[in-house]
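Model, not experiment: these values are computed from the prediction. Read the numbers this way: they start at 1 and go in the same order the structure lists the ligands and their atoms.
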Amino acid sequence: MRKVVLAYSGGLDTSVAVAWLRETLAVEVVTLTVDVGGGSLRDGVADRAISAGASRAYVVDARRRFVEDFCWPALQADAVYQGAYPLATALARPLIAQLLVEIAQREGADAVAHGCTGKGNDQVRFDVAVKALDPTLEVVAPMRVGMGLSRDEEIDYARERGIDVPVTHASPYSVDVNIWGRSIETGVLEDPWAAPPADVYQWTAPGHAPATPTEVTIGFEGGIPTSLDGSPVDPVALVERLNSVAGQHGVGRIDHVEDRLVGIKSREIYEAPAAVVLHAAHRALEGLTLSKEQLRFNRVIADELAQSTYDGLWFSALHRDLRGYVASAQRVVGGDVRVRLDHGTAAIVGRRSDASLYDRALATYDQGDLFDHASAVGFIAIFGLPLRTEAARQGSAWRWTKPLLAELPVEVTDGAQVPEPTTAS
Ligand code: ARG
């Protein structure tokens with residue numbers, strides 16, 4: 001091994017990893033820092049990489065491609081892991097892995113490296129994605145193969161080598177951030193019974209939530225959000241603005257005990273205001289524009305894509321083809337959704353679409369009803385036929401149904417008696 005491209009956040013771990021790789025493996029280290037938004041890019045990151053001994057430091061602004069090529073497909077698919085986690089961290093990994101591979105190829109490097117530990121999902125996501133894109137590259141994970149230093153040891157290690165140590169307070173948590181969400185774990189959060197302390201949260205209700213609700217209108221085309229309150233907005237600005245306004249209302253907090261790929265349950269806190277609002281709005285629009293068969297079938301695809309995204313299989317053939325199905329099925333998912341943000345909730349209060357399958361003339365209980373009530377009789381006769389056949393051949397459901405009346409308090413009030421039928425004389 002001669003040259004390694006390291007995924008570099010600019011934090012203490014990866015700064016130490018630059019020096020560790022050079023000294024332990026005697027390799028040249030090139031760093032890659034990817035801006036995936038939400039504050040993932042730290043000030044002075046390139047200088048810090050060079051001070052740690054990197055021969056070259058790349059910084060790539062990938063925010064737009066991250067939103068368009070990773071967050072939007074997940075949104076179109078309604079992909080939410082275990083019904084809770086909008087997958088912020090999991091979605092950024094294949095993008096970062098791809099950039100690692102592209103820079104390794106440009107630099108003629110023979111390996112890539114990342115700062116993941118041997119216990120989480122992220123190591124799997126990086127390793128699997130890199131190998132799917134370029135099987136000739138080796139993957140090194142210093143934290144997994146011997147660079148096990150405590151925080152204090154890391155600080156000493158860095159100071160001894162004149163590495164510019166980032167001036168941050170020792171955070172009690174492990175945090176990963178990008179524009180689609182913040183992921184927070186460890187520390188007191190490891191007790192799933194302990195309520196998250198206030199300092200866990202940075203995006204949601206940082207001050208006091210406004211007393212009055214805010215309503216936003218999100219416009220979609222092909223299942224992708226394209227406008228806010230009637231004006232077209234570019235993808236990055238749209239997510240940033242929703243993070244800000246929904247976050248102020250305390251929307252987007254998620255407290256989740258999730259199943260990691262490596263077999264452990266772990267307690268995670270997420271802040272994902274924009275993702276939570278957009279998923280809710282998108283599902284509301286699908287409810288208006290997709291058939292009930294599509295809606296039901298898409299749940300299966302949503303779960304499959306959420307699981308395989310979580311599991312780091314973004315570059316698998318199945319993932320690719322399911323994304324293709326989703327993109328095609330989304331062609332009618334266009335229109336507007338009104339969302340009311342209020343004290344931690346994002347309530348859908350309205351939706352409309354030119355492709356709406358909702359027909360008021362069919363739905364109404366008022367004047368102008370076009371639904372053919374008389375046809376309902378024939379429809380129900382056919383629809384209920386299997387149950388009548390069951391009852392006829394196998395006995396009525398009464399045979400295995402527990403009586404209600406005998407065990408419930410019953411009040412009986414008598415009224416006028418039905419008059420005797422008068423017989424014509
Ligand atoms: N559990 C999440 C996932 O696997 C988030 C992990 C984020 N990492 C962190 N250091 N907090 O996608």
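From S15, atom OG reaches atom OH of Y8 across 3.0 Å, with rounding to the nearest 0.5 Å.
Salt-bridge annotation for R161 and D156: absent, with no side-chain N of the basic residue lying under 4.0 Å from a carboxylate O of the acidic one.
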Are there any N/O pairs under 3.5 Å between ligand 1 and the protein, and if so, what are their distances?
from: ligand 1; atom 1: 1 (N); to: E258; atom 2: OE2; distance (Å): 2.7
from: ligand 1; atom 1: 1 (N); to: E268; atom 2: OE1; distance (Å): 3.1
from: ligand 1; atom 1: 1 (N); to: E268; atom 2: OE2; distance (Å): 3.3
from: ligand 1; atom 1: 1 (N); to: Y270; atom 2: OH; distance (Å): 3.1
from: ligand 1; atom 1: 4 (O); to: N121; atom 2: ND2; distance (Å): 2.7
from: ligand 1; atom 1: 4 (O); to: R125; atom 2: NH1; distance (Å): 3.2
from: ligand 1; atom 1: 4 (O); to: R125; atom 2: NH2; distance (Å): 3.0
from: ligand 1; atom 1: 10 (N); to: S174; atom 2: OG; distance (Å): 2.6
from: ligand 1; atom 1: 11 (N); to: S174; atom 2: O; distance (Å): 3.1
from: ligand 1; atom 1: 11 (N); to: S183; atom 2: O; distance (Å): 3.3
from: ligand 1; atom 1: 12 (O); to: Y85; atom 2: OH; distance (Å): 2.6
from: ligand 1; atom 1: 12 (O); to: R125; atom 2: NH1; distance (Å): 2.9
from: ligand 1; atom 1: 12 (O); to: R125; atom 2: NH2; distance (Å): 3.0

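By the salt bridge (Lys or Arg N to Asp or Glu O under 4.0 Å) test, E68 pairs with R64, sequence neighbours left out. For D69, the side-chain hydrogen bond (donor to acceptor under 3.5 Å, both in side chains) partners are R65, not counting sequence neighbours.
The ring pair (Phe, Tyr, Trp, His ring centres under 6.0 Å) analysis of residues 16-74, with sequence neighbours excluded, yields the pairs F70-W314.
Aromatic rings from F297 and Y325 are positioned such that their centres are separated by under 6.0 Å.
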